[in-house]
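One structure is given here, and the rest of the page talks about it.
The analysis underlying the following values was restricted to heavy atoms, covering all of them including side chains, and did not include hydrogens, waters or symmetry mates.
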Amino acid sequence: MKFGGRRRVPALPYCSRLNRLQNQHRFFFASSVRRLQAKFPARAFTSNGGNNDSQGNPFLVPGATIATILMLGALHARRMYSDKKIDEARERGIELEFQPDAKAAFLRLLPLRSISRLWGTLTSVELPVWLRPHVYKGWARAFHANLEESALPLEEYASLQEFFVRTLKEGSRPVDPDPQCLVSPVDGTILRFGELKGVRPMIDQVKGFSYSVSSLLGASSFLPLIAEGNVHEESSEEEKAPTEKSKNTWWRISLASPKVRDPVSVSPMRGLFYCVIYLRPGDYHRVHSPVDWNVLIRRHFSGHLFPLNERATRTIRNLYVENERVVLEGRWQGGFMAIAAIGATNVGSIKLLIEPELRTNLPIRKLMHSEQPQERVYEPEGIGMMLKKGNEVAAFNMGSTVVLVFQAPVPKSPNDKDSSPEFSFCVKSGDRIRVGEALGRWHEL
């Protein structure tokens, strides 16, 4: 007797329905966030305290307060569990390796950009004066923030957003006066650092996985690279200002190919270094200048807003390259300098204090569905915007990550160490560092 086989159900109609449901869900969520933002516009970003004249909406404040308290509790419990596991591994001498998991795939299905915009709207709601100290002290206990350094009394920070980007008392972050040192631009934890070497220079995300520095900074970056076979010849890109590509313009949508440079033909010049610093939610959230330098160009990449905690770095490929980020490039006395400020979940808003009109984490439709970065060349051409060591540059909401890529003095050849200055880092992976403290030094011989 011949039995009929099992009938196969075509998968395509189901997948189409599933995709339509996901798209409808994302559209509904994004539309709801835009309506909420339109009804309750966020307070302007300032470096001073809040204005107590506005009474706010009486129906929104209780909901925002409850949401804030729940968020604080969830983040605190998650942080304590994660920190415990990481500390236990380090005590056993185990270096955590890259290991993708289902969470990374699940995060791609979530409308994290819309969620971050909603969080930004909630944190910008003005809180009652009597409630402010309780909320801010609860945050400080959960994330070990030092409230004694705040420049203003807690009652003067009208919203959580203003509290996140608060300034500090004068003298709280003294800047190392040594002219032959490069200082930390942020308060945070040193994750990775080193010298970029070899063909297609890479930065370690975690043990077992790296990402291209050219992908991080952009295909149009004037990163100082030299062609293979011409190792002793300086790259012409190092001497050219980026403004030569776009004269007589303040900004443009970059039309350069999104592909990175040919991985076979170029290598970094000697003395090109990197340093990755992670800012926890309780850290001081402003970014400062690490040296005296001229900022020539700003590059804004619209991308995902995955979390940037230690677990995410071990499970999500190309995390720093895929996330939304703002890159500043320029020159200092040592050569090339770039700062990449990387956004994360609930940190979609990256505020440039040197360019207040920049807006990040915009709805995709406003970015014309383009994967190319927006670039702005600062005037005057070839000089740009001059910053002194320790000047404020940018600010994050909550925690995030900053990546420095820079040239520093090194011997012209490996055999010339006795007569030339050589840069060296004075930190270790896992060190806590604060704004103004030395990351590395060099000495003239």
Exercise for the section: Quick one: do Thr401 and Leu319 satisfy side chain to side chain contact (heavy atoms under 4.5 Å, CB included)? Show the steps, please. Expected result: CA-CA 11 Å; Thr401 296; Leu319 179 60; over 6 Å; no
Problem - Closest approach of Tyr157 to Ser150 (non-hydrogen atoms, all atoms of both residues) - result: OH-CB, 3.8 Å
Exercise for the section: Would you check if Ser429 and Phe193 make a side-chain contact, meaning some heavy-atom pair closer than 4.5 Å? Expected result: yes
Exercise for the section: Return yes if some donor-acceptor pair links the side-chain N/O of Arg286 with the main-chain N/O of Val165 below 3.5 Å, else return no. Expected result: yes
Exercise for the section: Start with the C-alpha gap between Glu324 and Thr360, add the side-chain angles, then the distance that decides, and say whether side chain to side chain contact (heavy atoms under 4.5 Å, CB included) holds. Expected result: CA-CA 8 Å; Glu324 182 156 6; Thr360 59; 3.4 Å; yes
Problem - Set of side-chain contact (heavy atoms from CB on, under 4.5 Å) partners for Arg359, sequence neighbours left out - result: Leu362
Exercise for the section: Applying side chain to side chain donor-acceptor pair (under 3.5 Å), name anything that partners Ser289, two or more places apart in sequence or on another chain. Expected result: Trp293
Practice task
Please list, chain by chain and in numerical order, all residues satisfying side-chain contact (heavy atoms from CB on, under 4.5 Å) with Lys388, sequence neighbours excluded.
Solution key: Asp292, Asn391
Practice task
Take Arg298 and Glu375, measure what salt bridge (charged side-chain N to carboxylate O under 4.0 Å, His left out) needs, and give me the verdict at the end.
Solution key: CA-CA 6 Å; Arg298 179 267 297 157; Glu375 293 185 355; over 6 Å; no
Problem - Test item: Val405 and Val213 side chains (from C-beta on) under 4.5 Å apart, heavy atoms - result: yes
Problem - Non-hydrogen side-chain atoms of Arg432 and Arg280 separated by less than 4.5 Å - result: yes
Practice task
Using a 4.5 Å cut-off on heavy atoms from C-beta on, say whether the side chain of Ser184 contacts that of His288.
Solution key: no
Handout entry: Listed partners of Glu149 passing side chain to side chain donor-acceptor pair (under 3.5 Å), at least two apart
Key = Arg173, Arg434
Problem - Under the side-chain contact (heavy atoms from CB on, under 4.5 Å) test, residues paired with Ser210 that sit two or more places apart - result: Met202, Asp204
Exercise for the section: Please round to the nearest 0.5 Å and tell me the distance separating atom OH of Tyr211 and atom CD1 of Ile203. Expected result: 4.0 Å
Exercise for the section: Compare all side-chain heavy atoms of Val393 with those of Pro185 and state whether any distance is below 4.5 angstrom. Expected result: no
Handout entry: Residues in side chain to side chain donor-acceptor pair (under 3.5 Å) contact with Glu357, at least two apart in sequence or another chain
Key = Arg376
Practice task
Show your working on side chain to side chain contact (heavy atoms under 4.5 Å, CB included) between Leu160 and Tyr136 and close with a plain yes or no.
Solution key: CA-CA 8 Å; Leu160 267 173; Tyr136 304 153; 3.9 Å; yes
Practice task
Of all the heavy-atom pairs spanning Ser215 and Arg325, show the shortest one and how long it is.
Solution key: O-NH2, 3.0 Å
Problem - Rounded distance [0.5 Å steps], CD1 in Ile277 versus CD1 in Ile433 - result: 6.0 Å
Practice task
Could you pull out the closest heavy-atom pair between Ala438 and Cys426, with the gap in Å?
Solution key: O-SG, 3.4 Å
Handout entry: Nearest-0.5 Å distance, OH of residue Tyr378 to CG of residue Asn294
Key = 13.0 Å
Practice task
Take Phe222 and Phe336 through the test ring-ring contact (aromatic ring centres under 6.0 Å, His included) and record every step on the way to the result.
Solution key: CA-CA 8 Å; Phe222 53 106; Phe336 175 81; 5.5 Å; yes
Practice task
Go through the steps for Phe396 and Leu279 under the test side chain to side chain contact (heavy atoms under 4.5 Å, CB included), then give the verdict.
Solution key: CA-CA 9 Å; Phe396 290 115; Leu279 290 74; 4.0 Å; yes
Exercise for the section: Could you tell me the separation between the CG atom of Leu358 and the CG atom of Leu353, rounded to the nearest 0.5 Å? Expected result: 11.0 Å
Handout entry: Nearest-0.5 Å distance, CD of residue Glu392 to CG of residue Leu352
Key = 12.5 Å
Problem - Flag, side chain of Gln374 to backbone of Arg299, donor-acceptor distance under 3.5 Å - result: no
Completion exercise
Rounding to 0.5 Å, atoms NE2 (His304) and CD1 (Ile316) come to a distance of 9.5 Å
Handout entry: Non-neighbouring partners of Asp431 that pass side-chain contact (heavy atoms from CB on, under 4.5 Å), sequence neighbours left out
Key = Ile190, Val427, Lys428
Problem - Main-chain N/O of Phe164 paired with Trp139 side-chain donor or acceptor, under 3.5 Å - result: no
Exercise for the section: Mark yes or no for whether Asp187, through its side chain, and Asp283, through its backbone, hold a donor-acceptor pair below 3.5 Å. Expected result: no
Handout entry: Heavy-atom check, side chain of Arg441 versus side chain of Asp178, under 4.5 Å
Key = yes
Problem - Ser221 side-chain N/O to Leu217 backbone N/O, donor-acceptor pair under 3.5 Å - result: no
Fill in the blank from the handout: In short, Leu272 meets Pro224 closest at the heavy-atom pair CD1-CG, 4.1 Å
Exercise for the section: Kindly give the heavy-atom pair with the smallest separation between Val183 and Leu439, and that separation in Å. Expected result: O-CD1, 3.9 Å
Completion exercise
Ala340 and Val327 have their tightest heavy-atom pair at CB-CG2, 4.0 Å
Practice task
May I ask you to decide if Thr313's main-chain N or O and Gln205's side chain share a donor-acceptor pair within less than 3.5 Å?
Solution key: yes
Practice task
Check ring-ring contact (aromatic ring centres under 6.0 Å, His included) between Phe423 and all other residues, then give those that pass, not counting sequence neighbours.
Solution key: Phe273, Phe406, Phe425
Problem - Check: Lys389 side chain, Asp176 main-chain N or O, donor-acceptor pair, under 3.5 Å - result: yes
Exercise for the section: For residues Ser159 and Val125, determine if any side-chain heavy atom of one lies less than 4.5 Å from a side-chain heavy atom of the other. Expected result: no
Problem - Side-chain touch Arg117/Trp119, heavy atoms, less than 4.5 angstrom - result: no
Practice task
State plainly whether the residues Glu148 and Lys169 are in salt-bridge range, i.e. N to O under 4.0 Å.
Solution key: no
